[in-house]
> 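My questions will all concern the structure given below.
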Amino acid sequence: MAKPIRSFVCQGCGTIHPKWLGRCEGCGEWNSLVEEVSTPLPGSGRTIGAKTGASRRSGLEFTDLSAVAPPLARHGSGLSEFDRVCGGGLVPGSAILIGGDPGIGKSTLLLQVMGSMARAGHRTVYITGEESVEQVRMRALRLGYAESPVALAAETSLAEILPALESGEVPRIVVIDSIQTMFVDSLESAPGTVAQVRMSAQELIRLAKKRGFILVLVGHVTKEGAIAGPRVLEHMVDTVLYFEGDRGHQFRILRSVKNRFGPGDEIGVFAMTEGGLEEVANPSALFLSERINDISGSAVFAGMEGTRPLLVEIQALVAPGVPGSPRRAVVGWDSQRLAMVIAVLEARCGVSLAGKDIYLNVAGGLRINEPAADLAVAAALVSALSGVAVPAETVVFGEIGLAGEVRPVGQSEARLKEALRLGFTRAMIPSRKGKPSKKTSGSDQSLAITIQSLDLLAELVDYLQSE
Ligand code: TYD
Ligand code: MG
């Protein structure tokens, strides 16, 4: 019997330490080391970091960089929003990791993908470590996929799963729901620990590459929002997707944060309904559907999510606060960024928000990360304070600098086109570079949208206080 190997693995970053430490030397996290014991498989000599004989002759063959690779074959999943986030379809032999809060709809989404791929004649395998076969069947029934020929198993031991995938007809796609429930016998640590997750993923990915099936791993998300345990997992897979959304809202956003086979930061929009997830082809219209015109404290932001323009409403409320401890509550945007916009409004534009409670909300449960939203946030805030509504049918975008200047942002054409498509007739945007600064409105003929270009935030403030 081989001697077990003891090591202490950081559950945050995956760094392996020979002895216990209070603080990980890899990422600096306190109390994150967990003892993990691994026993080398008899005869195989395969453990993490196992040494191989140096004198062995290598069978490695080198190939030419210049060799022309055939274009990547891709398979449609039957859900066009899902394909779009994966870069236009799923690549055989690739590994995809999907993270997201519990209950957000990961299993539902994947069951729909499996169901429609199976209907299209692909061999699909769904392995669940979280639910029973009965539960999955009930869900398939609700989703209308009860008769789809998806091969289903409830199993968590890789010793059972790997041989089943290794022989027989090659599946087109294999879903593992979730990777944190899987375990390898040769490791003594519990399922969900870094060593187990990493080893299980490694084995599955190796098999996916060898046999050429698409592998989808579901990953849990920690309180901090990272895929649980290992950041190492994100390096091992080809594509990392996050499924986000507010449970109180219908909308769900599937976002690619890494993709070796397509653009990163692409989004797909779904709505969670009685009958499962429905694709939303026109998300701007959906995010603006509950908007009330001519109300103060609201501005429509023309944003970009990946290559897709997206219009969303930003709402602000300014209320008298308790002196000394004003409340600042933000939903869907960065609170640091809000603090900066407030500081610029106060220091550069003479707007007094001190001592006031401020609430900011991105309507519809979307989360915005773009600095281009600064100007729309400022417009909503000033409008909330002055009671003057932002003019009807106006979109706003632009970054704000600390000197109070309005800075240009990328892809303004695409933003304006989306605004025009949805019937907006005006846009408050940064002055374009190289053009003389104009404070009057001008009309951009190619777009037939009235542009009000701004150099300074103070111009917007004046405008919204004097209407
Ligand atoms: P689920 O896919 O189980 O989430 P995850 O795998 O990410 O944990 O999603 C379950 C939620 O979705 C649950 O709150 C119920 C809801 N749901 C619907 O609203 N409609 C449906 O048709 C289905 C199947 C689920
Ligand atoms: Mg699930």
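Atom set for the values below is all heavy atoms of this structure, side chains included, hydrogens, waters and symmetry mates excluded. Just so you know, ligand 1 is whichever comes first in the structure, and atom 1 is the first atom listed for that ligand.
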> When the aromatic ring centroids of Phe270 and Phe82 are compared, is their separation below 6.0 Å?
no
> Tell me whether ligand 1 is touched by Leu111 - counting only heavy atoms on the residue side and a distance under 4.0 Å.
no
> Taking only Lys NZ, Arg NE, NH1 and NH2, and the carboxylate oxygens of Asp or Glu, determine whether Glu35 and Arg6 approach each other closer than 4.0 Å.
yes
> Are Arg84 and Glu305 ion-paired here, with the side-chain N under 4.0 Å from a carboxylate O?
no
> Please report whether ligand 1 has a polar contact with Lys106, defined as an N or O pair separated by less than 3.5 Å (distance criterion only).
yes
> Between Phe261 and Ser94, what is the shortest heavy-atom contact and its length?
CE1-CB, 3.4 Å
> Is it the case that the side chains of Ser298 and Glu313 hold a donor-acceptor pair, with the cut-off being a distance below 3.5 Å and no angle test?
yes
> Below 4.5 Å, heavy atoms only, C-beta onward: do Glu147 and Arg119 meet side chain to side chain?
yes
> Does ligand 1 have any atom that is closer than 4.0 Å to a heavy atom of Gly100?
no
> Below 3.5 Å, N or O to N or O, backbone or side chain included: is there any such pair between Gly276 and ligand 1?
yes
> Can you pull out the closest protein heavy atom to atom 2 (O) of ligand 1? Residue, atom name and distance to 0.1 Å, please.
Thr108 OG1, 2.6 Å
> Salt bridge or not for Arg415 and Glu370, using N-O below 4.0 Å?
yes
> How far is atom 17 (N) of ligand 1 from its nearest protein heavy atom, and which residue and atom is that?
Met272 SD, 3.7 Å
> Could you identify the single nearest non-hydrogen protein atom to atom 6 (O) of ligand 1 and state the distance to 0.1 Å?
Ser107 OG, 2.7 Å
> Assess the side chains of Gln250 and Thr273: does a donor N or O sit below 3.5 Å from an acceptor N or O?
no
> In the complex you have, is atom 15 (C) of ligand 1 within reach of the protein, judged by whether a heavy-atom distance drops under 4.0 Å?
no
> For ligand 1, which atoms sit closer than 4.0 Å to a heavy atom of Arg139?
1 (P), 2 (O), 3 (O), 24 (C)
> Give the residue, atom name and distance (to 0.1 Å) of the protein heavy atom nearest atom 8 (O) of ligand 1.
Gly103 N, 2.7 Å
> Taking 2.8 Å as the cut-off, does an N/O/S atom of Ser178 lie below it from the Mg ion (ligand 2)?
no
> Quick one: look at Glu274 and ligand 1, take heavy-atom pairs under 4.0 Å, and tell me if it's side chain, backbone, both or neither.
backbone
> If you measure from the Lys or Arg side-chain nitrogens to the Asp or Glu carboxylate oxygens, is any gap between Glu399 and Arg337 under 4.0 Å?
yes
> Salt bridge (Lys or Arg N to Asp or Glu O under 4.0 Å) with Glu81: which of Arg252, Arg255, Arg308?
Arg308
> With heavy atoms under 4.0 Å as the rule, classify the contact between Asp101 and ligand 1 as side chain, backbone, both or neither.
backbone
> Any donor-acceptor pair under 3.5 Å linking the side-chain atoms of Ser178 with those of Glu130?
yes
> Is the closest N or O pair between Gly105 and ligand 1 shorter than 3.5 Å?
yes
> Just to confirm my output: which protein heavy-atom neighbour is closest to atom 23 (C) of ligand 1, and how far is it?
Arg142 NH2, 3.7 Å
> Where do Ser77 and Leu90 come nearest, in terms of heavy atoms and distance?
CB-CD1, 4.0 Å
> Considering the heavy atoms of Leu143, write down every atom of ligand 1 situated less than 4.0 Å from one of them.
22 (O), 24 (C)
> Counting heavy atoms only, which part of Pro102 comes closer than 4.0 Å to ligand 1: side chain, backbone, both or neither?
backbone
> Check each heavy atom of Thr273 against ligand 1 and say whether those closer than 4.0 Å belong to the side chain, the backbone, both or neither.
backbone
> List every atom of ligand 1 that sits less than 4.0 Å from any heavy atom of Gly275, numbering the atoms from 1 in the order shown and giving each element.
22 (O)
